[in-house]
Amino acid sequence: MTTTNFLRGVGMGIAVGAAVGAMVPTRRKRAKRSSAARAIKAVTDVMDNLSDAMGL
């Protein structure tokens, strides 16, 4: 193994690791955010309906 091949392997490993690391958490965060956004919207709608029903 030469130094050039070793450095190429390290560079490729870092690039692939960074790409996978950037892709995996992003999907999970989007799913959580969309669920949280839906929950917040639902709570807001319920509070608005209650406010209107109470006349506030």
Side-chain angles (χ1 to χ4, degrees):
M1 179 184 286
T2 63
T3 304
T4 306
N5 289 339
F6 176 74
L7 292 177
R8 279 187 191 167
V10 169
M12 287 173 48
I14 291 172
V16 168
V20 170
M23 301 263 311
V24 171
T26 303
R27 291 181 185 160
R28 291 181 186 161
K29 287 182 182 177
R30 285 184 187 163
K32 288 182 182 177
R33 287 182 186 158
S34 64
S35 298
R38 287 185 206 143
I40 291 170
K41 186 176 178 183
V43 169
T44 304
D45 290 342
V46 169
M47 289 179 64
D48 287 340
N49 290 339
L50 286 173
S51 302
D52 290 339
M54 295 176 148
L56 297 176

Residues that, via side-chain heavy atoms closer than 4.5 angstrom, fall in one hydrophobic cluster with Val43: Met47

Remaining members of hydrophobic cluster (4.5 Å side-chain criterion), Met12: none

Using side chain to side chain contact (heavy atoms under 4.5 Å, CB included) as the criterion, list what pairs up with Val10, not counting sequence neighbours. Phe6, Ile14

Atom CG of Asn49 and atom OG1 of Thr44: how far apart are they, to the nearest 0.5 Å? 11.0 Å

